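First the structure, in the form of structure tokens, and then the observations on it.
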Amino acid sequence: MKHTPKVLLIMGSVRTSRVCPRVTEWVAGIGRSCNDFNYEIIDLTDWPLPMDDEPGIPAMGSYLHTHTRAWSEKVASAEAVVFVTPQYNWGYPAVLKNALDHLYKEWRDKPAAIVSYGGHGGGKCSGQLRQVAEALEMRLVPTSPGITLSDDVIRHGASIDPDQDFVAHVEAIKQAFNELAVQVELANRA
Ligand SMILES: Cc1cc2nc3c(=O)[nH]c(=O)nc-3n(C[C@H](O)[C@H](O)[C@H](O)COP(=O)(O)O)c2cc1C
């Protein structure tokens, strides 16, 4: 039987008024148009991990808390991840760093892509996240699409229409998904 790789799309925002779910659904749709992988959206509000609450060093791989073990299983169950994250003050949200820092070996060699968004596409955020993903030795794809949000969305809470507003980013996102599929293939061969 044909194996269907599982990909987690991890949302970087947990704000109550966030646009992240809308952006991530749209990004997932592009993924589904590229291949028949199984795309699952991860909302970190469903994975409440108290800030840095593991007493041990995650790199040692021994987790005390049930929530960390569940998170470990969830990440380990996927063959790739896509971080869909806003830029906050030139960085990526603390909740995402905390979710990364709870684990270690689960990220290693994991094919990964970063899709950022913000007023200028969130390039500073994806740059910082790239550095961390490299430290974790993830198989990060070279293309990091950066979706531009309008001033109206950022300052006045205007609603977004991704099909219309983000059309200029579709090709870059497809490219990232295609690169991710190559990394999944390479990881499976390794
Ligand atoms: C704490 C905070 C910091 C922000 N910093 C930036 C920034 O550095 N650059 C930027 O382009 N937008 C920035 N923004 C605007 C966000 O891009 C915008 O609010 C976006 O909708 C956030 O994603 P979310 O709604 O999914 O949380 C910031 C927003 C917040 C809440």
Side-chain angles (χ1 to χ4, degrees), residues 6-34 39-53 67 71 74-75 78 80-103 107 110 112-136 138 140-177 180:
K6 181 160 123 183
V7 180
L8 303 181
L9 292 109
I10 302 177
M11 296 201 291
S13 175
V14 293
R15 289 195 316 134
T16 48
S17 56
R18 62 199 170 156
V19 299
C20 203
R22 195 85 202 279
V23 176
T24 308
E25 279 290 352
W26 180 76
V27 170
I30 296 175
R32 291 182 188 114
S33 77
C34 290
Y39 292 96
E40 179 183 347
I41 293 177
I42 298 293
D43 183 344
L44 291 173
T45 64
D46 295 330
W47 295 91
L49 302 163
M51 186 65 81
D52 295 330
D53 73 332
H67 51 250
W71 178 231
K74 175 50 83 175
V75 174
V81 297
V82 178
F83 299 105
V84 183
T85 181
Q87 177 166 305
Y88 288 172
N89 297 317
W90 288 26
Y92 55 95
V95 71
L96 184 51
K97 183 68 159 69
N98 186 50
L100 284 161
D101 288 345
H102 263 76
L103 309 179
W107 303 115
K110 183 89 75 195
I114 301 168
V115 178
S116 62
Y117 57 92
H120 301 281
K124 305 273 188 199
C125 145
S126 64
Q128 290 191 6
L129 188 49
R130 173 167 292 276
Q131 221 173 17
V132 171
E134 282 168 3
L136 291 166
M138 301 180 84
L140 199 55
V141 304
T143 302
S144 295
I147 298 169
T148 313
L149 297 183
S150 71
D151 228 38
D152 252 12
V153 171
I154 293 177
R155 292 186 196 284
H156 308 297
S159 59
I160 54 171
D161 178 357
D163 283 333
Q164 190 176 313
D165 303 345
F166 305 156
V167 69
H169 304 291
V170 171
E171 284 313 311
I173 295 169
K174 280 187 177 167
Q175 167 96 5
F177 275 113
L180 193 68

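Just follow the structure's listing: the first ligand is 1, and inside any ligand the first atom is 1. When reading the values below, keep in mind they use all heavy atoms of this one structure, side chains included, and skip hydrogens, waters and symmetry mates. Keep in mind the model is a prediction, meaning the values are calculated, not measured.
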Q) When you look at NZ of K6, are more than 12 heavy atoms from neighbouring residues, nucleotides or ligands closer to it than 6.0 Å? A) yes
Under 3.5 Å donor-acceptor pairs involving side-chain atoms of residues 19-28, not counting sequence neighbours:
unit_1 : atom_1 : unit_2 : atom_2 : d
R22    : NH1    : I160   : O      : 2.4
T24    : OG1    : C20    : O      : 2.7
W26    : NE1    : D163   : OD1    : 3.0

Between [X] and [Y], is any pair of side-chain heavy atoms under 4.5 Å apart?
X    : Y    : answer
P86  : C125 : no
I114 : M138 : no
L100 : F83  : yes
V81  : I42  : no
V115 : H169 : no
V141 : F177 : no

Go through ligand 1 atom by atom and flag the ones less than 4.0 Å from a non-hydrogen atom of [X].
X    : value
C20  : 26 (O)
G118 : 11 (O), 17 (O)
R18  : 24 (P), 25 (O), 26 (O), 27 (O)
N89  : 3 (C), 4 (C), 5 (N), 6 (C), 7 (C), 8 (O)
P86  : 22 (C), 23 (O)
I154 : 15 (C)
L149 : 20 (C), 21 (O)

Given that the side chain starts at C-beta and the backbone is N, CA, C, O, which of these parts of [X] lies under 4.0 Å from ligand 1, counting heavy atoms, or is it both or neither?
X   : value
Q87 : both
S13 : side chain
V19 : both
V23 : neither

Q) What's the shortest distance from atom 25 (O) of ligand 1 to any protein heavy atom, and which residue and atom give it? A)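 Among all protein heavy atoms, the one nearest atom 25 (O) of ligand 1 is R15 NH2, 2.7 Å.
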Q | Results of side-chain hydrogen bond (donor to acceptor under 3.5 Å, both in side chains) for K74 - residues two or more places apart only | A |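 side-chain hydrogen bond (donor to acceptor under 3.5 Å, both in side chains) check on K74 returns E40.
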Q: Give a yes-or-no answer on whether the side chains of S13 and Y88 include a donor-acceptor pair shorter than 3.5 Å.
A: yes
Evaluate [X] for polar contact with ligand 1, using N/O atom pairs at a separation under 3.5 Å.
X    : result
Y88  : yes
Y117 : yes
G119 : yes

